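Reading through the structure tokens given below for one structure.
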Number of protein chains: 2
Amino acid sequence: MSLKHQVARQARAGDETDDPADMTQQSRPVYLRLRDQIAAAIIEGEYPEGEMLPSVRAFAAEQGANPLTVAKAYQQFQADGLVEVQRGVGMYVVAGAAERLRRAEREHFLAEEWPELRARMARLGIEPADLFERG
Amino acid sequence: MSLKHQVARQARAGDETDDPADMTQQSRPVYLRLRDQIAAAIIEGEYPEGEMLPSVRAFAAEQGANPLTVAKAYQQFQADGLVEVQRGVGMYVVAGAAERLRRAEREHFLAEEWPELRARMARLGIEPADLFERG
DNA sequence: CCTGGTGCTTCAGTGACATAATACAGCGCG
DNA sequence: CGCGCTGTATTATGTCACTGAAGCACCAGG
């Protein structure tokens with residue numbers, strides 16, 4: 001068996017523990033998973049600007065989640081002004097949301113994640129150049 | 001008003017920090033933080049092979065954590081056979097642990113993390129050149 | 001022996017997370 | 001208007017990860 005370190009699979013409430021000997025799994029909360037999923041969809045134009053996002057109920061049914069959980073994921077986008085809420089109608093992607101989102105995530109990645117990622121790669125003996133040479 | 005349990009793990013989309021009450025930004029569990037820290041120390045030879053790891057109590061006191069939490073972090077290493085437990089004495093780093101650990105983490109990184117990391121970088125429009133201009 | 005170090009087990013509390021059921025508020029359309 | 005869709009608020013329930021405190025089991029040395 002392999003070493004099981006810093007994996008981050010998903011095994012949240014309601015899931016069965018497939019491995020009784022190892023119950024130490026930090027699972028990503030559902031609403032954060034959904035949030036990332038939606039963010040990626042917006043950036044990639046899957047939800048075009050000006051278009052309506054799936055309703056919380058529809059998206060919840062599609063993802064097998066609770067509408068409240070979906071609402072929690074959506075909430076962060078409206079808090080950031082990336083979607084406009086028309087109560088009783090739906091939530092619409094505002095103009096420039098995709099670019100703003102990409103810019104913000106890009107900045108966050110370069111400033112926060114990359115440094116420690118680079119240190120970790122160095123520790124593991126991985127050269128950054130190697131990663132882009134292979135397919 | 002917002003939901004009662006808002007976990008503003010944002011710091012990403014949106015520079016308008018609307019809510020200063022930025023509490024637990026998805027704080028990584030302590031035992032996982034410690035585990036990574038120890039893994040890095042083993043790989044870098046800070047805890048040489050054959051040497052004893054700090055006792056759970058000592059390490060807990062040093063890190064300001066609970067001994068049980070430290071034990072939980074250690075547990076994964078002994079489960080993977082990277083440390084040898086001598087009950088009543090201490091936990092010792094087995095021979096070849098550093099290399100095995102590096103190899104395993106490297107493998108995991110390349111197989112699991114890198115693909116989606118690469119996809120995400122592509123989505124964010126990050127070129128390899130961008131990564132080295134800052135470092 | 002006994003004392004002090006180790007790891008390890010048991011019991012318990014707190015809070016986040018997710019879900020459910022219910023109800024309310026706003027909008028569009030026939 | 002009434003119906004059906006939207007998001008939102010409220011309350012309650014259940015589960016589980018995380019953490020902690022106290023105590024047990026083991027070993028070495030005086």
Side-chain angles (χ1 to χ4, degrees), chain A residues 6-35 38 47 51-79 82-93, chain B residues 1-9 21-36 38 51-79 82-93:
Chain A
Q6 60 191 44
V7 191
R9 263 176 262 283
Q10 48 187 29
R12 202 61 211 170
D15 272 22
E16 69 289 347
T17 48
D18 46 358
D19 201 339
D22 174 90
M23 66 298 190
T24 54
Q25 283 302 328
Q26 145 107 353
S27 65
R28 200 164 170 67
V30 175
Y31 78 99
L32 285 182
R33 251 188 35 228
L34 297 178
R35 184 182 83 40
I38 297 159
Y47 299 145
E51 288 294 304
M52 188 181 117
L53 288 177
S55 74
V56 288
R57 290 176 177 84
F59 196 67
E62 177 187 326
Q63 296 289 329
N66 189 290
L68 270 183
T69 305
V70 176
K72 194 173 182 180
Y74 280 179
Q75 201 171 7
Q76 320 216 342
F77 291 108
Q78 60 168 304
L82 292 170
V83 301
E84 183 187 351
V85 180
Q86 294 189 22
R87 195 181 176 106
V89 182
M91 306 181 72
Y92 291 80
V93 183
Chain B
M1 292 313 176
S2 51
L3 300 180
K4 9 184 178 184
H5 38 261
Q6 70 226 4
V7 179
R9 179 257 167 181
D22 207 2
M23 38 171 278
T24 60
Q25 53 127 14
Q26 172 80 18
S27 61
R28 199 163 166 70
V30 175
Y31 79 98
L32 285 181
R33 230 174 18 90
L34 297 178
R35 185 183 63 51
D36 287 348
I38 297 159
E51 289 293 306
M52 188 181 117
L53 287 176
S55 75
V56 290
R57 289 175 177 84
F59 196 67
E62 176 187 326
Q63 296 290 330
N66 190 291
L68 194 59
T69 305
V70 177
K72 194 171 183 180
Y74 280 179
Q75 202 169 6
Q76 318 216 343
F77 292 107
Q78 59 167 305
L82 293 169
V83 301
E84 183 187 350
V85 180
Q86 293 188 21
R87 196 183 176 111
V89 182
M91 307 180 70
Y92 292 80
V93 182

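Chain letters run A, B, ... following the sequence lines, proteins first and then strands; every chain starts at 1. Every value quoted in this text rests on a predicted model; they were computed, and no experiment measured them.
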Distance test, side-chain N/O of B:Thr69 to OP1/OP2 of D:dC18, below 4.0 Å: no

Side-chain N or O of B:Tyr31 closer than 4.0 Å to phosphate OP1/OP2 of D:dC18: yes

Shortest non-hydrogen contact from A:Ala73 toward A:Ile38: CB-CD1, 4.4 Å

Interatomic distance where CD belongs to B:Glu84 and P belongs to D:dC26 [whole Å]: 18 Å

For atom CZ of A:Phe77 and atom C1' of D:dG7, their distance in whole Å: 16 Å

Smallest separation among heavy atoms of B:Met52 and B:Gly90, with atom names: SD-CA, 4.0 Å

Residue from A:Thr69, A:Leu53, A:Leu34 passing side chain to side chain contact (heavy atoms under 4.5 Å, CB included) with A:Phe59: A:Leu34

Below 4.0 Å: OP1/OP2 of D:dC18 and any side-chain N or O of B:Asn66: no

Intermediate values then yes/no, side chain to side chain contact (heavy atoms under 4.5 Å, CB included), B:Gln76 and B:Tyr31: CA-CA 10 Å; B:Gln76 318 216 343; B:Tyr31 79 98; 4.0 Å; yes

Spacing between A:Phe59 atom CZ and D:dT6 atom P, to the nearest angstrom: 14 Å

Evaluation steps, side chain to side chain contact (heavy atoms under 4.5 Å, CB included), between B:Val83 and B:Tyr74: CA-CA 9 Å; B:Val83 301; B:Tyr74 280 179; over 6 Å; no

Contact state string [nucleotides 2-8 of chain C, B base, S sugar-phosphate only, - no protein heavy atom under 4.0 Å]: ---BBBB

Rounded distance in Å - NZ (A:Lys72) to C1' (D:dG7): 17 Å

Nearest-Å distance for atom pair OH/P, residues A:Tyr92 and C:dG26: 18 Å

Interatomic distance, B:Gln75 atom CD to B:Met91 atom CE [nearest 0.5 angstrom]: 8.5 Å

